[in-house]
Amino acid sequence: MSLAQVHHISAAAGDESAEGRFTAVGRGVTAALLAELEPLFAYVLPDGAPHRPTDAELRSLPQAFTYAVLSDGSRVVGRTAPARGESSAPVRFHTHAVHIPAGVPLPGDRLPVEAWRSAHWATVTPAGGASLSDPLGALPPGPAPVREGLDDFAVSRGPWLAAVLADLRRASEEPPPAGGPVVLVERRSADVARWLGLAAVALPRESAERLTFTTYTRQPGSSALRVVGVAPEDAAAAREAGLRVHVCADRPPVGATGDVWARTAARVWRNRVPELFQEARGLPGDPFAAGPLAVLALCAGVGLGSEERAAAAGWAAERPYALDAKRVGQLVEALTSPGIDDRTGPEFDAVGRLFGALDGRCPASVTAPLAAMLVTEAVRGGNGSLELPRRDAFVGPEGEAIAGVLGPEILTELESGAGGSRPVARTVQLLRVARLLGMNTRELLPDVATRLAPALLRETERPEDAGPGRPEEATEAAAGPLRAAGTPGLTGSRGAPGTPGAPGPSGAVRAPGSAGTPAAPRPSGTAGSPAAPAFAPALLELLDEQFDVRTALLGALDRIAPEDPGAVARFLERVALPFTGTQALPHLRMCAEAPGAMTTLGRDRTALWHRVLRAAGLSPFAEPLVLRTAAGLVWEDRAPTVEEARLLLEAATSDAHRAAGTWARLADAALGAPADAEEAEALAHDLLRAFPQEIGGRERAALQLLALCRDLRTGAPEPGWADRIRTLRDRADPIEPPVQERAFTALAERLLAPDRPGAELYAFVRSDDTDLIAAYDRAARTEPTRTRLRTQPAYAADCFTVWTAHPHVGPAWTATAAALLEEVLRPAVRSMAAELVAEVEETVGRTGSSGRANAFRDWNRSRALGRLGRRIVGRVRRG
């Protein structure tokens, strides 16, 4: 088929009155197409071009080789070149173009760029308007016309190759990306054509055919083509227009493109093996996936970067059937080359997947280098995410050789005391590699497991685990159990006494009312399904592979569980450790049971206590530490209520609580109970009897105060209790406000009782203790006392005697007694009938003296006379 050709002469340079014109138009090219073609053929001379150039200068001017798609789907390939003009116009611009109808391929199924070197592009319109020969159809067969010299050009443009190829690939997409054409800045327009030749070889055919272009223009911002070439002087204007500009005639670019395919293609061109592009297109996968091309490049001896090698290994791992045995061997040899020193974690991961895909499919002699590289990286590189080979990957001399090299390093690191700070994934990896290489680590396992167990908990904990799980627990988050000196795992922090976060006994931190108001137990894990830590899969594989490691590690976790059962429960909620062996593991079983029990039982801490204890499978009498674990799971850092504390106390003997350290939580419960929790006194009494050696210091004094309150209310305390309360109060400083309130109230109520010992009352009055006297004042003003004063003349007489008997012992007592006489006793006496008042007066005289009776009479009359006098004065004034 003969393609229509078009010739066009553009306007003369500098002659604004002249216009371009078509000098020859082939059959089938309509006027509408000519109007669309003319802007494509416009030519503007470079800056500084001579008005009357010499022949050499004329030949050095840039040529615009153009390929465009027209609105009707047809295409045009043409060349615009400067030519000698008439005397009035020394330079004219002649365009010779070939029109290709829609759906018609180029002759010989060529790509448009292949015609840029054709010798049949005309610089003048041929006589008769017809070209002697077709520039496209006269091309010689084979790829030589486009590829000649491209290898050298690619090497010379090495620093720009990857970035330009990446942009040309994107420019070939359908639909084209927004943002205008890709701009290639070269001093010679022929070099722009060479860039397009590189792309035509590297890109799939359909992508290359979409890549419309021109090798020279002065107006890149207004071009509808996908790639344009400009001279260096126009680069700044292209940048200002927001275009993607590659200045290939300047300094090399800084930084590398992120397009792995483009980087691989650049390496292929620089190593002069462009035939790999066509071969890669025959392999399965995305046309712009880096994997196929990278595999062929590595097999051809082309050096690639880490990402490209990872792409090759990953692609081959997904399609191990796509390569023959020779290629597989070449790929393995390239990936494991000892000269590579820039391998990365993703590359090792991809190699691990490749080993998994080839293992069993290829001979061990082929895969052994991959296995050796993976194991060496696992030991020396610290890559904990590697997919390790199977144990039999090193059967024979390969295994002995690698074990002889890596074995001492593994043993030295496992024996190192720095294991406590070593990441879990690292320890797990070392143990797995040790087994893989057939090393004997039996003697090391106890120490390794002891260091690994707490590391598991540290790496599993998350910041949100430290706070309360629900709003209602916010006031209890700071509450803590009593921490006994010398009790492992029971250490607390101190705060200001009597405030939220105040220290309980031995520094235990407690929120107000935390022991008296039950709160829902906080779930061990976070809300929803807690995510497993990154090391979990490798850890579970290790435990599945090595029974001795599983036994040692589970035993170590079980031993530390009583110290922080909440952390162990959160760990087990994220990592489902196997408990299928014969080990008892009571503490681990309790920790594993707790999250589900909390979900089921909610706020019922008593039921939760029984359930986690049953999960242990051992009695507290046989294993006292289960008490500590259960208490830590149910109450965590809070104190139990008094009722719950009595449950704990009765659940085991005092010896068991002493061994478990849970007596500290019981004391916390007693001392943190609200002032109206009467059972706290009995609990304090029982704790002092059960743990006389363990409870000491200010905590002992505070519990003794509570026990004394019990005696004051229900029994006969030892004489001297008024002074003893003050002494214990001082020893218990800083004392919990509810304890002090309870003790002072009990003292005041006892001193206000009709049968109170006189010696105790005298000791109390003489102390002139402001806080004690204030408590006495409050108790005297309560309704029960006021009722007794109004209805019992003997009690009213006794109070009058007490409140007037010690007028000068101290200011606190004097002021309080005077206020009670006026504000409490006088209203009570005033409300009595006359005969009851007389009985009070008679009792005061009988139990005291006649002077005391006269004092009462004067005290009672003074108020009445005062009222009578005021009435008389009022009548006189009104008269």
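Sequence positions, counted from 1, serve as the residue numbers for this chain.
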Subject >> Arg726/Asp730 ion pair, N-O < 4.0 Å >> reply: no

Original post:
Can you name the residues that form a salt bridge (charged side-chain N to carboxylate O under 4.0 Å, His left out) with Glu679, not counting sequence neighbours?
Top reply: none

Original post:
Quick one: does Arg698's side chain have a donor or acceptor within less than 3.5 Å of a partner on Pro734's backbone?
Top reply: yes

For residues 586-595, please give each side-chain donor-acceptor pair under 3.5 Å, one per line with the distance, not counting sequence neighbours.
unit_1	atom_1	unit_2	atom_2	d
His587	ND1	Thr629	OG1	2.7
Arg589	NE	Ala584	O	2.7
Arg589	NH2	Phe579	O	3.4
Arg589	NH2	Gln583	O	3.0
Glu593	OE2	Arg611	NE	2.8
Glu593	OE2	Arg611	NH2	3.2

Original post:
For the residue pair Ile725 and Leu712, what are the closest heavy atoms and their distance?
Top reply: CD1-CD1, 3.7 Å

**OP:** Anything under 30° is parallel, anything over 60° is perpendicular, the rest tilted; go ahead and classify His657 against Phe691.
**Re:** perpendicular

Subject >> Pairs where residues 790-801 contributes a residue and the test salt bridge (Lys or Arg N to Asp or Glu O under 4.0 Å) is met, not counting sequence neighbours >> reply: Arg756-Asp798, Glu783-Arg790

Original post:
Nearest heavy-atom pair of Ala656 and Pro620: which atoms, and what distance?
Top reply: CB-O, 4.0 Å

Subject >> Sidechain-backbone polar pair: Arg574 side chain, Ala569 backbone, donor-acceptor under 3.5 Å >> reply: no

Original post:
Is the backbone of Ala597 close enough, under 3.5 Å, to the side chain of Thr600 for a donor and an acceptor to pair up by distance?
Top reply: no

**OP:** Would you confirm whether Thr714, through its side chain, and Arg710, through its main-chain N or O, come within 3.5 Å as a donor-acceptor pair?
**Re:** yes

Original post:
What residue pairs, at least two apart or across chains, pass salt bridge (Lys or Arg N to Asp or Glu O under 4.0 Å) with a residue in residues 684-693?
Top reply: Arg646-Asp686

Original post:
Quick one: does Arg781's side chain have a donor or acceptor within less than 3.5 Å of a partner on Arg786's backbone?
Top reply: no

Original post:
Among pairs that include at least one residue of residues 761-776, which meet side-chain hydrogen bond (donor to acceptor under 3.5 Å, both in side chains), considering only residues two or more places apart or in two chains?
Top reply: Arg729-Asp769, Tyr776-Trp803

Subject >> CD on Glu461 to CZ on Arg458, rounded to 0.5 Å >> reply: 11.0 Å

Subject >> Results of salt bridge (charged side-chain N to carboxylate O under 4.0 Å, His left out) for Arg742 - residues two or more places apart only >> reply: Glu681

Subject >> Those residues that, when tested against Glu459, pass side-chain hydrogen bond (donor to acceptor under 3.5 Å, both in side chains) (two or more places apart) >> reply: none

Original post:
Can Arg750 and Glu760 be said to form a salt bridge (charged side-chain N to carboxylate O under 4.0 Å, His left out), step by step?
Top reply: CA-CA 10 Å; Arg750 187 71 182 87; Glu760 301 296 344; over 6 Å; no

**OP:** Please confirm whether the backbone N or O of Ala660 pairs with a side-chain atom of Arg628, one donor and one acceptor, at under 3.5 Å?
**Re:** yes

**OP:** Applying side chain to side chain contact (heavy atoms under 4.5 Å, CB included), name anything that partners Glu835, two or more places apart in sequence or on another chain.
**Re:** Ala833

Original post:
Considering residues at least two apart in sequence or located in another chain, which fulfil the salt bridge (charged side-chain N to carboxylate O under 4.0 Å, His left out) criterion with Asp655?
Top reply: Arg658

**OP:** Would you give the length of the straight line joining atom CG of Leu648 to atom CZ of Arg665, rounded to the nearest 0.5 angstrom?
**Re:** 8.5 Å

Subject >> Residues in ring-ring contact (aromatic ring centres under 6.0 Å, His included) contact with Phe744, at least two apart in sequence or another chain >> reply: none

Subject >> Test item: side-chain donor near acceptor, Thr745 and Arg778, under 3.5 Å >> reply: no

Original post:
Within a radius of less than 6.0 Å around CZ of Arg731, do more than 12 heavy atoms belonging to other residues, nucleotides or ligands occur?
Top reply: no

**OP:** Answer yes or no: is there an ion pair linking Arg724 with Asp711, defined by an N-O contact shorter than 4.0 Å?
**Re:** no

Original post:
Partners of Glu842 by side chain to side chain contact (heavy atoms under 4.5 Å, CB included), sequence neighbours excluded?
Top reply: Arg846

**OP:** Report yes if some heavy atom in the side chain of Glu841 is under 4.5 Å from a heavy atom in the side chain of Asn860; otherwise report no.
**Re:** no

**OP:** With sequence neighbours left out, write down each residue that passes salt bridge (charged side-chain N to carboxylate O under 4.0 Å, His left out) with Glu623, or none if nothing qualifies.
**Re:** none

**OP:** Working to the nearest 0.5 Å, report the span between CE of Met832 and CD of Gln792.
**Re:** 9.5 Å

Original post:
Are a donor atom and an acceptor atom from the side chains of Trp635 and Glu644 found within less than 3.5 Å of each other?
Top reply: yes

